[in-house]
Amino acid sequence: MLIQKLNDCEEIIAGDGTVLRELLHPDKQDINLRYSLAYAILPVGKTSIPHSLKTSEVYYIISGVGEMSIDSEVRRIEPGDAVYIPPNAIQFLHNYGNKPIVFVCLVDPAWRKEDETIYAPV
């Protein structure tokens with residue numbers, strides 16, 4: 001059995017500028033998963049850096065409000081929303097609320113640096 005404690009995960013700044021803690025990753029733990037799972041925070045007033053992944057991704061919004069941009073489409077996000085991001089889509093998140101956006105990221109297959117492209121900040 002593996003139980004991963006959020007506070008035991010190293011806090012890093014991801015390539016898109018969000019604060020990230022990687023919970024599960026098949027390359028970092030002895031687990032049989034196709035996907036990776038991370039916990040992320042976007043502070044108030046911040047916009048993540050546009051980026052794309054060669055893989056699909058899902059954001060599940062836990063708290064906070066803002067706008068999700070995927071390619072040319074922009075939509076409001078709020079707690080309880082699950083956002084599907086298709087492979088190769090240029091994406092970023094903007095926090096216009098009064099508290100951090102907290103969300104979970106699921107990347108399938110598992111996230112790899114070489115699958116990510118970072119673009120110029122908006």
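Start at 1 with the first residue, then count along the sequence.
- Two residues are said to be in side-chain contact when any heavy atoms from C-beta on lie closer than 4.5 Å; S56 and P87 meet this criterion.
- Here the shortest heavy-atom pairing between I90 and P50 reads CG2-CB, 4.1 Å.
- C105 and A40 make their closest contact through SG-CB, 4.1 Å (heavy atoms, listed as atom of the first residue, atom of the second, distance).
- Around the CG atom of N98, the shell of radius 6.0 Å holds no more than 12 heavy atoms that belong to other residues, nucleotides or ligands.
- Heavy-atom neighbours of R76 CZ from other residues, nucleotides or ligands within 6.0 Å: above the threshold of 12.
- To the nearest 0.5 Å, the span separating CD1 on I85 from CD1 on I70 amounts to 5.0 Å.
- A continuous path of hydrophobic side-chain contacts links V104 to I31 [ILVMFWY only; heavy atoms under 4.5 Å].
- Linking Ile, Leu, Val, Met, Phe, Trp and Tyr residues whenever their side-chain heavy atoms come within less than 4.5 Å places I62 and V19 in a single cluster.
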Inset, instruction - In sequence, state the C-alpha distance, the side-chain angles, and the governing distance for V65 and Y96, and then conclude on side-chain contact (heavy atoms from CB on, under 4.5 Å). - result: CA-CA 7 Å; V65 296; Y96 61 68; 4.1 Å; yes
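- Here the CG atom belonging to L53 is positioned 11.0 Å from the CZ atom belonging to R112, to the nearest 0.5 angstrom.
- A heavy-atom distance below 4.5 Å is not found between the side chains of C9 and E22.
- Scanning both residues, I41 and V102, for their nearest heavy atoms gives CG1-CG2, 4.2 Å.
- Between the H51 side chain and the E116 main chain, no donor and acceptor come within less than 3.5 Å of each other.
- Among residue pairs with one or both ends in residues 10-21, those qualifying as side chain to side chain donor-acceptor pair (under 3.5 Å) are E11-R21, D16-T18; sequence neighbours excluded.
- Within the model, atoms NE2 of H94 and OG of S48 stand 10.5 Å from one another, a figure rounded to the nearest 0.5 Å.
- No side-chain donor-acceptor contact under 3.5 Å links Q91 to the backbone of P86.
- Note that CE of M68 and CZ of F92 are 8.5 Å apart. Values are rounded to the nearest 0.5 Å.
- Of the possible polar contacts, one joining the N95 side chain to the G97 backbone as a donor-acceptor pair under 3.5 Å is found.
- Here L20 contributes atom CG and I12 contributes atom CD1; the two are 5.0 Å apart, rounded to the nearest 0.5 Å.
- No donor-acceptor distance shorter than 3.5 angstrom exists from the side chain of T117 to the backbone of S52, with no hydrogens or angles considered.
- Each of D108, T55, V107 was scored for a side-chain contact (heavy atoms from CB on, under 4.5 Å) with R34, with one residue passing: D108.
- Here OG1 of T47 is found 8.0 Å from CG of L93. Values are rounded to the nearest 0.5 Å.
- When each of Y59, Y39, Y60 is checked for a ring-ring contact (aromatic ring centres under 6.0 Å, His included) with F103, only Y59 meets the rule.
- Follow the hydrophobic side-chain contacts under 4.5 Å out from L42 and you never reach I13; the two are in separate clusters.
- By the rule that hydrophobic residues join a cluster once side-chain heavy atoms approach within less than 4.5 Å of another member, L6 and I101 end up as members of separate clusters.
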